[in-house]
Amino acid sequence: MADLSELDDIPGTTVFTAQRSRKGYWLNQFCMSLMKADNRDRFHADERAYLDEWPLSEAQKQAVLTRDYNAAIAEGGNIYFLAKLFASDGKSFQDAAGSMTGMTPEAYAQMMLDGGRSIEGWRSKKEGR
Amino acid sequence: MARITAGLTTSHIPAVGAAFDLGKTETDYWRPVFEGYDWTKQWIRQNLPDVVVLVYNDHASAFSLELIPTFAIGCADQFPPADEGYGPRPVPVVEGHADLAWHLAQELILDEFDITIINKMEVDHGLTVPMSLVFGKVDAWPVRVIPIPVNVVQYPPPTGNRCYLLGQAIRRAVEAFPEDLNVHVWGTGGMSHQLQGPRAGLINREFDMDFLDRLIHDPESLRSMPHLRYLREAGSEGIELVMWLIMRGAMGGAVKELRRFYHVPASNTALGHLVIEPAG
């Protein structure tokens with residue numbers, strides 16, 4: 001049987017396992033609905049009302065309303081689904097990914113220009129490497 | 001008989017598609033990315049295949065959480081570009097090759113690869129960005145395409161070994177097709193990148209270089225690489241690299257490296273690109 005505990009040993013990383021997929025099912029399906037222009041218009045006209053049409057937890061709704069992507073992922077969201085949300089805001093993957101790091105957009109962009117985040121220190125929590 | 005004459009790998013970063021569509025290919029940031037494909041654009045004009053078997057992952061566009069096929073094959077005549085939240089990319093509709101696709105589906109299933117048959121599907125940046133990079137801006141794509149979407153969104157994706165074996169089975173199936181067709185197999189996605197969480201922006205050049213070398217010269221050694229190693233070393237989205245093993249399995253034994261290009265950054269990602277052909 002697969003031992004999934006190792007997946008949680010990777011720092012700053014959430015792997016989209018079955019458990020998370022089940023938790024985030026409706027959050028992710030809400031994101032899918034934003035692939036239709038009519039739905040995007042309705043959502044942006046009244047985000048709370050649109051979210052209330054979906055069987056989401058309050059924590060999931062708050063994560064969407066505040067565009068807190070780390071919180072959305074903690075609530076079962078998957079980044080490829082959440083991409084429909086930030087794309088509908090006119091945001092790029094770099095904007096969204098950067099927002100999850102605690103860095104300013106400028107500092108994140110500069111880190112990428114400098115070759116990206118180094119793997120050193122980001123491999124394993126328990127091994128501290 | 002149909003034959004596989006070349007393999008190609010490339011990243012399929014959505015921002016590359018956006019830069020292409022918005023006419024930003026000549027900016028200081030994007031020019032080096034697009035120039036990296038100049039060689040390939042020339043090469044493919046002289047080596048135009050009839051059909052590209054294009055291995056990619058759908059990014060929650062055609063497949064939501066309602067339905068998650070591990071391996072699937074597009075058997076339709078046409079595949080329109082998907083609306084991923086900002087309107088469909090302004091690129092031509094992708095023309096399929098239903099005769100070969102249905103043949104592949106039949107042969108693969110009888111060869112014990114239980115692949116899902118798709119007769120209606122929209123294709124997202126995972127498929128259309130590689131097409132734009134290789135063929136540029138065109139009114140109609142110059143090749144037919146058989147999409148092979150692979151699940152790498154929901155854990156677990158298929159193992160690298162399974163991907164490699166599928167590639168070998170694709171080769172057998174293509175070679176059993178009676179019509180004389182020139183076929184390329186493309187593997188897309190990668191290389192190292194992470195799009196989520198506090199570790200976002202991860203790039204591991206050392207891993208990527210080793211992966212490229214082994215993919216060309218020692219693919220057998222990649223068959224046993226566990227998911228954990230991809231996730232740890234290449235980032236949560238670097239797991240897309242298992243799809244490159246489908247391409248490599250389809251090339252058979254030794255290959256000749258025709259082109260290699262590696263560039264950091266393209267948005268959040270290390271862009272990697274190879275063109276190879278079966279040796280001998």
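Keep in mind it's a predicted model, so treat the numbers as computed, not measured. The sequence lines fix the lettering, A, B, ..., with proteins before strands; numbering per chain opens at 1.
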Atom group of [X] that falls short of 4.5 Å from chain B, counting heavy atoms:
X: A/Arg22; result: neither
X: A/Leu4; result: side chain
X: A/Ile119; result: both
X: A/Met32; result: side chain

Q | Test item: side-chain donor near acceptor, B/Asn57 and A/Tyr80, under 3.5 Å | A |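 Absent: no donor and acceptor within the cut-off.
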Q. Cut-off 3.5 Å, side chains only: do A/Thr13 and B/Gln196 have a donor facing an acceptor?
A. no
[X] side-chain N/O to [Y] backbone N/O, donor-acceptor pair under 3.5 Å:
X: A/Arg117; Y: B/Ala200; value: yes
X: B/Gln194; Y: A/Gly12; value: yes
X: A/Lys84; Y: B/Tyr86; value: no
X: B/Arg232; Y: A/Arg123; value: yes
X: B/Gln154; Y: A/Phe16; value: yes

(Q) Below 4.5 Å, heavy-atom pairs only: which of B/Leu195, B/Leu231, B/Val264 has the largest tally toward chain A? (A) B/Leu195
Side chain, backbone, both or neither of [X] within contact of chain A (heavy atoms, under 4.5 Å):
X: B/Glu206; result: neither
X: B/Tyr29; result: side chain
X: B/Ser192; result: neither

Pick from [options] with the largest number of heavy-atom pairs that fall under 4.5 Å of chain B:
options: A/Tyr69, A/Phe86, A/Tyr108; answer: A/Tyr108
options: A/Ala74, A/Ser118, A/Cys31, A/Ala87; answer: A/Ala87
options: A/Thr17, A/Asp114, A/Leu85, A/Leu34; answer: A/Thr17

Q: Verify the neighbour count for atom NZ of B/Lys120: are there more than 12 heavy atoms of other residues, nucleotides or ligands below 6.0 Å?
A: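 Count not over threshold, so no.
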Q. Taking side chain as C-beta onward, heavy atoms only, is B/Pro265 less than 4.5 Å from A/Leu113?
A.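 Side-chain contact under 4.5 Å: yes.
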Q) Do A/Ser21 and B/Leu65 touch side chain to side chain, with heavy atoms closer than 4.5 Å? A)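 Yes, at least one pair of side-chain atoms sits under 4.5 Å.
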Would you compute the distance between atom [atom1] of [X] and atom [atom2] of [Y] and round it to the nearest 0.5 angstrom?
X: B/Ser267; Y: A/Asp95; atom1: OG; atom2: CG; value: 8.5 Å
X: B/Leu228; Y: A/Asp9; atom1: CG; atom2: CG; value: 8.0 Å
X: A/Met111; Y: B/Ile203; atom1: CE; atom2: CD1; value: 8.5 Å

Q. Salt-bridged, B/Asp83 to A/Arg40, with N to O below 4.0 Å?
A. yes
